[in-house]
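Report on one structure; see the data block that follows.
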Amino acid sequence: MCCFWSIGIVLKEYSKSTARLEGKVVIVTGANTGIGKETARDLAQRGARVIIACRDIAKAEAAASEIRAETGNQQVIVRKLDLADTKSIREFAEKFLAEEKELHILINNAGVMLCPYSKTADGFEMHLGVNHLGHFLLTFLLLERLKQCAPARIVNVSSLAHHGGRIRFHDLHGEKSYNRGLAYCHSKLANVLFTRELARRLQGTKVTANVLHPGSVYSELVRHSFVMTWLWKIFSFFLKTPCEGAQTSIYCAVAEELDSVTGQYFSDCQPAYVSPRGRDDETAKKLWSVSCELLGIQWD
Ligand SMILES: NC(=O)C1=CN([C@@H]2O[C@H](COP(=O)(O)OP(=O)(O)OC[C@H]3O[C@@H](n4cnc5c(N)ncnc54)[C@H](OP(=O)(O)O)[C@@H]3O)[C@@H](O)[C@H]2O)C=CC1
Ligand SMILES: CC1=C(/C=C/C(C)=C/C=C/C(C)=C/C=O)C(C)(C)CCC1
């Protein structure tokens with residue numbers, strides 16, 4: 001359940017669940033700032049053991065100490081994860097699986113937007129590589145542990161921007177044409193399609209997979225665009241705070257009424273409209289097999 005309230009002209013919703021998470025292990029990617037940090041803070045407040053999976057250890061340690069001090073939960077742990085490098089993703093997963101016996105909630109939150117054309121360590125276009133392929137590989141590597149600890153949840157942070165995306169199988173890495181806004185949209189559509197296919201494959205396992213739009217949130221996401229950085233500053237009053245932006249992620253992670261809900265897209269803590277391309281099962285299946293090929297994995 002969510003509650004409604006409003007500030008100015010922006011309608012906002014808060015996850016109302018009082019669920020406690022003592023004994024539960026959670027991973028939040030990109031939790032050193034923005035929506036991820038607020039998600040980690042809330043889950044730590046609920047008593048979970050929270051793994052802050054970030055590429056910059058210094059920034060992550062600063063966020064973790066702040067959360068530990070504020071919540072009194074000392075089980076907020078930093079681990080290195082660079083989603084732009086499959087070697088780092090594999091090292092993270094290997095270390096995690098060796099150190100932790102359990103995993104109950106995986107929040108694939110980290111993301112980049114409006115990057116100038118660039119590639120990941122493995123030669124993937126940056127938006128597709130970090131936002132989709134990195135999380136696809138991470139989920140693959142951790143899935144057995146989630147299944148063993150079921151009921152468990154996978155929460156993928158996508159965006160309303162998925163409406164503008166398409167999966168350009170003929171030019172996935174933007175080598176023929178590249179627009180950084182569209183590249184973001186494509187990667188966020190990939191998040192929606194991945195969740196859809198993942199949920200279908202996980203039927204009967206008690207591991208759910210849902211995807212969400214957090215709202216338009218005043219965060220560092222716009223850092224690669226000078227114009228957007230200024231627009232975000234000027235219009236910040238109309239944007240959600242990171243704490244408000246984290247509410248739908250928290251809702252998907254803990255709400256009791258979602259125990260058996262899977263494959264759904266949420267916004268403002270409620271089901272929301274998915275674009276026709278985000279409901280295309282054939283594209284979802286093809287994206288799945290192409291992602292496996294690119295990553296050199298077999299995921300049946
Ligand atoms: N803000 C908004 O309005 C909206 C956000 N979203 C989505 O919400 C999610 C969170 O974004 P938000 O909090 O706003 O953005 P921020 O830029 O504030 O946070 C993004 C996080 O992702 C991390 N990250 C980026 N690249 C990598 C990488 N290669 N490996 C590991 N971590 C990485 C960042 O780390 P570092 O600090 O080191 O760069 C940071 O922790 C994203 O998936 C975004 O697409 C969706 C719709 C709207
Ligand atoms: C129309 C408009 C704005 C709103 C932009 C929005 C709402 C952007 C949403 C971006 C998303 C969803 C990004 C992440 O996925 C501004 C810049 C506030 C002010 C200028 C006019």
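No experiment lies behind these values; they were computed from the predicted model shown. Order of listing sets the numbers, starting from 1, for every ligand and every atom in it.
Considering Ser159, Gly36, Gly30 only, the shortest heavy-atom separation from atom 21 (C) of ligand 1 involves Gly30. Counting heavy atoms only, Ala110 comes closest to atom 23 (C) of ligand 1 of the residues Gly134, Ala84, Ala110. One option in Leu212, Leu83, Asp56, Leu239 has a heavy atom closer to atom 28 (C) of ligand 1 than any other, and that option is Leu83. Closest to atom 5 (C) of ligand 1 by heavy atom, among Leu221, Asn156, Val157, is Leu221. In this structure, of Arg55, Arg223, Lys240, Lys59, the residue bringing a heavy atom nearest to atom 25 (C) of ligand 1 is Arg55. Scanning Cys185, Ser216, Pro214 for the heavy atom closest to atom 9 (C) of ligand 2 points to Ser216. Comparing Leu138, Asn108, Val217 by heavy-atom distance to atom 2 (C) of ligand 1, the nearest is Val217.
Protein heavy atom nearest atom 13 (C) of ligand 2, with residue, atom name and distance: Met113 SD, 3.9 Å. Here the protein heavy atom with the shortest distance to atom 14 (O) of ligand 1 is Ser219 OG, 2.5 Å. From the protein, the heavy atom lying nearest to atom 37 (O) of ligand 1 is Asn32 ND2, 2.8 Å. Of the protein's non-hydrogen atoms, Asp82 OD1, 2.9 Å is the one closest to atom 29 (N) of ligand 1. The protein non-hydrogen atom at the shortest distance from atom 46 (C) of ligand 1 is Ser158 O, 3.1 Å. Of all protein heavy atoms, the one lying nearest to atom 19 (O) of ligand 1 is Thr33 CG2, 3.6 Å. Summary of contacts: the protein heavy atom closest to atom 31 (C) of ligand 1 is Leu81 O, 3.3 Å. Given atom 15 (O) of ligand 2, the protein heavy atom at minimum distance is Ser159 OG, 2.5 Å. Ranking the protein heavy atoms by distance from atom 42 (C) of ligand 1 puts Asn109 O, 3.2 Å first. At the shortest separation from atom 18 (C) of ligand 2 among protein heavy atoms lies Phe235 CB, 3.5 Å. Atom 18 (O) of ligand 1 has its closest protein heavy atom at Glu220 N, 3.2 Å.
A salt bridge does not link Glu100 to Arg145: none of the charged nitrogens lies less than 4.0 Å from a carboxylate oxygen. Salt-bridge check for Glu91 with Arg79: failed, with every basic side-chain N at 4.0 Å or more from each acidic carboxylate O.
Tested against Ile27, the residues Val50, Leu81, Leu146, Leu103 include a single side-chain contact (heavy atoms from CB on, under 4.5 Å) partner, Leu103.
If you check the side chains of Ser17 and Glu256, you find a donor sitting under 3.5 Å from an acceptor. For the residue pair Thr283/Asp280, the side-chain donor-acceptor check at 3.5 Å is satisfied.
The cationic atom of Lys285 (NZ for Lys, CZ for Arg) does not lie both less than 6.0 Å from the six-membered ring centre of Trp288 and within 45° of the ring axis.
Each of the following atoms of ligand 2 lies closer than 4.0 Å to a heavy atom of Tyr184: 14 (C), 15 (O). Near His213, meaning under 4.0 Å from any of its heavy atoms, are these atoms of ligand 1: 47 (C). For ligand 2, the atoms sitting less than 4.0 Å from at least one non-hydrogen atom of Leu231 are 17 (C), numbered in the order shown with element in parentheses. Distances below 4.0 Å separate heavy atoms of Val112 from the following atoms of ligand 1: 25 (C), 26 (N). Near His213, meaning under 4.0 Å from any of its heavy atoms, are these atoms of ligand 2: 12 (C). Of all the atoms in ligand 1, the ones that sit under 4.0 Å from a non-hydrogen atom of Ser216 are 3 (O). Heavy-atom contacts of Gly215 reach the following atoms of ligand 1: 2 (C), 3 (O), 4 (C), 47 (C), 48 (C) (cutoff under 4.0 Å).
Assignment of Met113 to the shell around ligand 1 is not supported, since no heavy atom sits closer than 4.0 Å. Under the 4.0 angstrom criterion for non-hydrogen atoms, Ala161 is not in contact with ligand 1. For the ligand labelled ligand 2, residue Met228 lies outside the 4.0 Å heavy-atom shell. Taking 4.0 Å as the cut-off, Lys188 counts as a neighbour of ligand 1 on heavy-atom distance. Proximity of Val130 to ligand 1 is established by a heavy-atom distance of less than 4.0 Å. Within the structure, the closest approach of Tyr184 to ligand 1 falls below 4.0 Å when heavy atoms are considered. Heavy-atom distances between Pro214 and ligand 1 reach below 4.0 Å in at least one pair. Using a non-hydrogen distance threshold of 4.0 Å, Pro242 does not register as a contact of ligand 1.
Formation of a donor-acceptor pair under 3.5 Å by the Lys59 side chain with backbone atoms of Thr33 is not found in this model. Between the Asn73 side chain and the Ala48 main chain, a donor and an acceptor come within less than 3.5 Å of each other. Gln247 contributes a side-chain N or O that, together with a main-chain N or O of Cys243, makes up a donor-acceptor pair within less than 3.5 Å. Judged by distance alone, with hydrogens and angles left aside, the side-chain atoms of Asp122 form no donor-acceptor pair with the main-chain N or O of Phe124 at under 3.5 Å. Judged purely by atom type and a 3.5 angstrom limit, Asn109 uses its side chain to pair as donor or acceptor with the backbone of Gly30. Judged by distance alone, with hydrogens and angles left aside, the side-chain atoms of Asn131 form a donor-acceptor pair with the main-chain N or O of Val112 at under 3.5 Å. Judged purely by atom type and a 3.5 angstrom limit, His132 has no side-chain atom pairing as donor or acceptor with the backbone of Asn191. The backbone N or O of Val25 lies less than 3.5 Å from a partner atom in the side chain of His104, making a donor-acceptor pair.
Inter-residue side-chain proximity for Arg55 and Val130 is flagged as unmet; no heavy-atom pair is nearer than 4.5 Å. In this structure, Leu287 and Phe136 have side chains that are not in contact, with every pair of non-hydrogen atoms separated by 4.5 Å or more.
Within a 4.0 Å radius of atom 21 (C) of ligand 2, the protein contributes no heavy atom. Proximity of atom 2 (C) of ligand 2 to the protein is not indicated, since no non-hydrogen protein atom lies closer than 4.0 angstrom.
Using a 4.0 Å cut-off between heavy atoms, Trp232 contacts ligand 2 through its side chain alone, with no backbone atom that close. Counting heavy atoms closer than 4.0 Å to ligand 2, residue Leu160 contributes nothing at all.
By the criterion of side-chain heavy atoms lying less than 4.5 angstrom apart, applied directly or through intervening Ile, Leu, Val, Met, Phe, Trp or Tyr residues, Leu295 is grouped together with Trp299 in one hydrophobic cluster.
A distance of 6.0 Å or more separates the ring centres of Phe194 and His135.
Within 6.0 Å of the CD atom in Glu94, the count of heavy atoms belonging to other residues, nucleotides or ligands does not exceed 12.
Between Thr205 and Leu202, the closest heavy-atom pair is OG1-O, 2.6 Å. Shortest non-hydrogen contact noted between Ser249 and Val155 is O-CG1, 4.2 Å.
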